[in-house]
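See below for the structure under consideration.
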Amino acid sequence: MTKFLWRIRFAAGASALLRFGLLFGFLLAWLALAPPASAQQRGADTAINPTASSVKEQELLREMRIISGRGSIPDVKSYNIEQPAGRAWRQFHEITLHWLGAIAIFGMLGLLVLFYLFRGMVRLESGRSWRTIVRFNMFERLVHWMTATCFVVLALSGLNITFGKDLLMPLVAEETFATWSQWAKYAHDYLSFPFTLGVVAILLMWVAWNIPTRLDVEWLKQGGGLFAAKHPPAQRFNAGQKMIYWIVVIGGAAVAATGYLLMFPFYLTDIAGMQLAQMIHGAVAMLFVAAMLAHVYIGTIGMEGAFEAMWNGTVDINWAKQHHSVWFEKESVKAQAEAPQGSVAPAE
């Protein structure tokens, strides 16, 4: 009887073990054949996405502002392994800024060439009277030329930072380019201080004459007399000159502020702030250079008698009447009050 019970228990245990083995084998086969949902992503057409892991990596980088490791030196910023925001900065610095500068600068040069070919120099309609009136005193001219000289050096050295590696280095030896770039960087840094001083002086000297008025609206409506024989009335500075003035003041302040953030890193901002400062600095500088090209053009070959105003401080009376009639009338009244004999200014 005992042997019979043992055989029954053995048969029941073997049957249970067999069923458990079959179930476990079935589960293993199903797991081996079925693709794991977490490893692959399917599109709308149920096709497997072979770049699923890379997509998730990009999402991870977007979620994490900075990926840092550990180190043993005091500079904890060196622990940064990956900074996803730096990719946007690199894209701007290496590609976007190049296109912005090329379009702004070469576009402005193209427009000025076309304007000169079709319009030519703006001539004095009544010719020269050979009598002059003082337009800028010695201090105003000194500030202007100091700021302008610094701006030219800053512009050339700044353009070298952006375009020099691609345009200049293939034409000269690498050692020559390295030496030039080093001295250009020194000049860019140190001349920023007198340039900033000049911008502040320009702001204080001429702000009273550069507040927009109704005359400026009329001047703009008539195109400043550049496209017609009639020249609209203007005060000491017309609407075009006022725009240049505010470009110098606002643009100069922007490049100075962002430039000093880059010259003295990590004092007022972190790496993200410095990247933003560099992007603003580069973009504003490119537009600044383009605007100054127009200013240089109209002050030299674009308008007869304009360069004399900043070179020796005087302009011909007919030039003043033609381009700044309201200002000339005020100056004439003042001169007559100071000199009863009626001379407007000493003849030259």
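Remember, it's a predicted structure, so these values are computed and weren't measured experimentally.
- Comment: Asp216 engages Lys242 in a salt bridge, judged by a side-chain N to carboxylate O separation of less than 4.0 angstrom.
- In terms of modelled atom types and a separation under 3.5 Å, the side chain of Asn238 and the main chain of Ala234 share no donor-acceptor contact.
- Looking only at distances, no side-chain donor or acceptor of Gln336 sits under 3.5 Å from a matching main-chain atom of Glu331.
- Between Gln278 and Trp89, the side chains place a donor N or O and an acceptor N or O closer than 3.5 Å (distance only, hydrogens not considered).
- The number of heavy atoms from other shown groups lying within 6.0 Å of CZ (Phe106) does not exceed 12.
- In this structure, the ring of His98 has its center less than 6.0 angstrom from the ring center of Phe163.
- Ring to ring, Trp183 and Tyr186 are close: their centroids are under 6.0 angstrom apart.
- Geometrically, Arg128 does not engage Trp319 in a cation-pi contact defined by less than 6.0 Å to the ring centre and at most 45° from the axis.
- In this structure a side-chain-to-backbone donor-acceptor pair under 3.5 Å is present from Ser157 to Leu154.
- A distance-only check finds a donor-acceptor pair linking the side chain of Trp145 to the backbone of Met310 [under 3.5 Å].
- Heavy atoms from other residues, nucleotides or ligands lying under 6.0 Å from CD of Glu174 number 12 at most.
- Remark: side-chain polar atoms of His231 are not paired, donor with acceptor, to backbone N or O of His323 under 3.5 angstrom.
- A donor-acceptor pair under 3.5 Å is absent between the side-chain atoms of Thr162 and the main chain of Leu159, judged by distance alone.
- Ion pairing between a basic and an acidic side chain is recognised when a charged N comes within 4.0 Å of a carboxylate O; Lys230 and Glu218 show no such pairing.
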For Glu329 and Arg236: C-alpha separation, side-chain torsions, deciding distance, then whether salt bridge (Lys or Arg N to Asp or Glu O under 4.0 Å) applies. CA-CA 10 Å; Glu329 292 173 3; Arg236 188 184 186 189; over 6 Å; no
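- Under the 3.5 Å distance criterion, the side-chain polar atoms of Tyr245 are matched with a main-chain donor or acceptor of Val207.
- Side-chain contact between Trp99 and Ile95: present, with at least one pair of heavy atoms (C-beta onward) separated by less than 4.5 Å.
- Taking the centre and axis of the six-membered ring of Phe237, the NZ or CZ atom of Arg135 falls inside the cone set by 45° and 6.0 Å.
- With hydrogens and angles disregarded, a donor-acceptor distance shorter than 3.5 Å links the side chain of Glu304 to the backbone of Leu124.
- Using bins of under 30°, 30° to 60° and over 60° for the plane-to-plane angle, the ring pair Phe264/Tyr267 lands in the perpendicular bin.
- A donor and an acceptor atom, one from each side chain of Asp316 and Ser129, are located under 3.5 Å apart.
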